[in-house]
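Take a look at the structure below.
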2 protein chains.
Amino acid sequence: MYRKGQETRDLIIDTADRLFYERGYDHTSFRSIAQEAGVPSGNFYHYFKAKENILEAVIERRRAMIQAQLDIWQQENPTPLARLKRFVQMLRNGGEDGAFEYGCLVGSLTTELGKEHKEQQQKASSLFDTFIDWLEKQFAELGYGDESRDYAKRLLAYAQGISVVSHAYRDPAFLNKEADALDHWLASLAVHS
Amino acid sequence: MYRKGQETRDLIIDTADRLFYERGYDHTSFRSIAQEAGVPSGNFYHYFKAKENILEAVIERRRAMIQAQLDIWQQENPTPLARLKRFVQMLRNGGEDGAFEYGCLVGSLTTELGKEHKEQQQKASSLFDTFIDWLEKQFAELGYGDESRDYAKRLLAYAQGISVVSHAYRDPAFLNKEADALDHWLASLAVHS
DNA sequence: GTCTATATATTGATAGAC
DNA sequence: GTCTATCAATATATAGAC
C-alpha cells in the first residue's frame, strides 16, 4: 500500500507507543512493531537510526498528548479545585488509559528505564514535570505559595502509588476508592485561606 | 572451588536477587548471574529447570527477608504508632535498600512483571500482602475496625508512589520530605479514639 | 554435582536491489 | 522510500564428559 513518508513515520511511532505500553520497552522488538504496523523492520532505519530514537519519539508524542489533555482540563473546569479533581478523576474506572491493566503510561516506563536505560529515564521522567507544572499552578491559585510545588509532587506521587498497587492486584475498585480519598484530601486543602 | 549443593543453590539465588533488583528481571541473563556468582550457567539447570524458577526462589527469599524485618520492627517498637512510623522510616536516607537508585524492591518487580509475565506478577504482588497484613494489625490496634485494611493499603500505596517519583528524579530529598508528611498523617490518625 | 561445548531462536542493526 | 536478505551478538536451554 502506498503511504507518504511522514505517515509511515507516524505509524511506526503510534504502534511503538502502544506496544511499549502494553509489553514494555525492552520486550517490544523491531519485528513485533513491524508486524503490527505492516512496515518491514528494515524500513525503520530510514526514519530512526536506533531503537532509542523510536523511544524518544514516543516520549515526545506522549508529552504532546498529555499537554493537550491538560489544556482541555484547564478550559473545562473554572476553579483550581475542580481542575485538581479532574486530575484525580483520571484514576477512576480502571484508569482512562488502562492503568489497572498496564500501569501508568509514564510511571511504568520511568520505572523500567530506571534500571538499565538511565539516560532515557530522564527524558521519560520529564513527562512527570508536565503534570507537576500544571498541578502546581492549581495549588498556587488556591493560595499556597512556595508550598505549591510540594503539594503538586505529593499529589502526583500518591496517584502513582495508587496506580502501582491497583496494577499489582489487577484491582480497579482500589482506584475508585482511593480517588474518593484523594478528593476528600483536596477538598480539605481547598479551604486554605 | 568446592561447595556443597545447597550452598551453590543459595549463591545463585543471592546473586540473582541482587541483579534482578539492579538490572530488572528480563535484563538479567544467565551469563551475567553465572559470571557474578562464579557458577557456570550450564550448572543452573541442575537446580532450576527454567529462569522463572529462579525468579520464584528469589521472590520467596524476599518474602522471608521482609517477614524477618517486620518481626524485628514488631519487637522493637512498643506502640502501633511507633511501628507504623518505623515503616515510614524505611523511606528515609535514600531508602534502606536503595529505593531512590533502583526503585522499590517489590514495586519495581511487580511493575515489570505486570507487562509480559502476568503469572509471575501475582507471586511478586503477594509480597505486598506481607506488608499490608502487618500494617493492618497496627491500624486495628489503633482502633480502626473494618477500615484497618483500607488504611494499610493506602499507606503502602503512598509509600510506593513516593518511591516511584524519587526514583524517577533520582531525588533522595523527596523521600525524606514525604516521609515527614506521612508521619504527620499517621500522628493525626493515631488520635482516633 | 560440576564443567565445557553447543543447539536453537531472537535480538538490534546493515547492505543493497528496486 | 520500500523491501528482502542477512549479519553478528546474545538469549535460554541442552548434551554429555568428568
Side-chain angles (χ1 to χ4, degrees), chain A residues 1-59 109 112-113 115-121 123, chain B residues 1-59 109 112-113 115-121 123:
Chain A
M1 99 188 64
Y2 177 76
R3 233 182 280 113
K4 287 182 187 172
Q6 184 62 27
E7 287 177 14
T8 301
R9 187 186 146 93
D10 286 343
L11 183 60
I12 293 171
I13 297 173
D14 282 5
T15 308
D17 190 2
R18 179 171 58 83
L19 293 181
F20 287 173
Y21 182 45
E22 294 176 1
R23 307 179 185 179
Y25 173 66
D26 280 316
H27 243 90
T28 303
S29 67
F30 276 40
R31 276 175 175 73
S32 63
I33 302 174
Q35 197 166 8
E36 300 248 344
V39 177
S41 64
N43 201 333
F44 287 27
Y45 292 86
H46 180 71
Y47 299 100
F48 309 95
K49 70 176 180 185
K51 190 181 180 184
E52 67 173 23
N53 297 106
I54 300 182
L55 176 61
E56 285 176 9
V58 166
I59 290 173
L109 180 64
E112 178 186 357
L113 298 179
K115 299 275 187 183
E116 288 281 270
H117 300 279
K118 297 184 182 174
E119 330 73 35
Q120 307 292 337
Q121 188 203 26
K123 290 169 186 165
Chain B
M1 98 187 64
Y2 177 77
R3 235 183 277 114
K4 288 181 185 172
Q6 185 61 29
E7 287 178 13
T8 301
R9 189 186 144 92
D10 286 343
L11 183 60
I12 293 171
I13 298 173
D14 282 6
T15 308
D17 190 0
R18 179 171 60 83
L19 293 181
F20 286 173
Y21 182 45
E22 295 176 358
R23 306 178 185 180
Y25 172 66
D26 280 315
H27 243 92
T28 303
S29 67
F30 278 38
R31 277 179 174 73
S32 63
I33 302 174
Q35 198 166 7
E36 300 248 345
V39 176
S41 65
N43 203 331
F44 287 27
Y45 293 86
H46 180 71
Y47 298 99
F48 309 95
K49 70 177 180 185
K51 188 181 180 183
E52 67 174 21
N53 298 104
I54 301 182
L55 176 60
E56 286 176 8
V58 166
I59 289 173
L109 180 64
E112 178 186 358
L113 296 178
K115 299 277 186 180
E116 288 281 270
H117 300 279
K118 297 184 183 174
E119 330 75 34
Q120 307 292 339
Q121 188 203 24
K123 292 170 185 164

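Values in this document were obtained by computation on a predicted structure and should not be read as measured data. Every chain is numbered from 1 and lettered A, B, ... according to where its sequence line falls, protein lines coming before strand lines. Computation of the quantities below employed the complete heavy-atom set of this structure, encompassing side-chain atoms and omitting hydrogens, waters and symmetry-equivalent molecules.
Between A/Thr8 and D/dG1, a side-chain N or O to OP1/OP2 separation shorter than 4.0 Å is absent. When the side-chain nitrogen and oxygen atoms of A/Tyr45 are compared with OP1 and OP2 of C/dG12, none of them lie within a distance under 4.0 Å. Considering only side-chain N and O atoms, A/Ser29 lies nowhere under 4.0 angstrom from the phosphate OP1 or OP2 of C/dT10.
Distance, A/Glu116 CD to D/dA11 P: 11 Å, rounded to whole Å. The distance from atom CZ of B/Arg31 to atom P of C/dA7 is 13 Å, rounded to the nearest whole Å. Separating the CG atom of A/Asn53 from the C1' atom of C/dA13 is a distance of 13 Å, rounded to the nearest angstrom. For the pair A/Asp26 CG and D/dT10 P, the computed distance is 15 Å after rounding to whole Å. Rounded to an integer number of Å, the gap from B/His46 NE2 to C/dG1 P is 4 Å. As a whole-Å value, the separation of B/Leu11 CG from C/dG1 P is 15 Å. Rounded to whole angstrom, the span from the CZ atom of A/Phe30 across to the C1' atom of D/dC3 amounts to 16 Å. One interatomic measurement links the two molecules: CD1 of B/Ile12 to P of C/dT2, which rounds to 8 Å at whole-angstrom precision.
Among the atoms of the strands shown, none is found under 4.0 Å from any heavy atom of A/Ser32.
Residue A/Lys51 places its side chain closer to C/dG12 than to any other of D/dT4, C/dG12, D/dA11. Taking the side chain of B/Asn43 as heavy atoms from C-beta on, and the options D/dT4, C/dT4, C/dT2, the nearest nucleotide is C/dT2.
Toward the 5' end of DNA chain D, the nearer of the two residues B/His27 and A/Gly42, judged by each one's closest nucleotide, is A/Gly42.
Taking 4.5 Å as the limit, some side-chain heavy atom of A/Phe20 sits within range of a side-chain heavy atom of A/Ile33. Side-chain contact between A/Leu55 and A/Leu109 is present, with at least one heavy-atom pair separated by less than 4.5 Å.
The pair A/Glu112-B/Lys115 does not meet the salt-bridge criterion, since no charged nitrogen lies less than 4.0 angstrom from a carboxylate oxygen.
The environment of A/Lys49 atom NZ is sparse: at most 12 non-hydrogen atoms of other residues, nucleotides or ligands sit within 6.0 angstrom.
Between A/Phe30 and A/Phe48, the ring center distance fails the sub-6.0 Å criterion.
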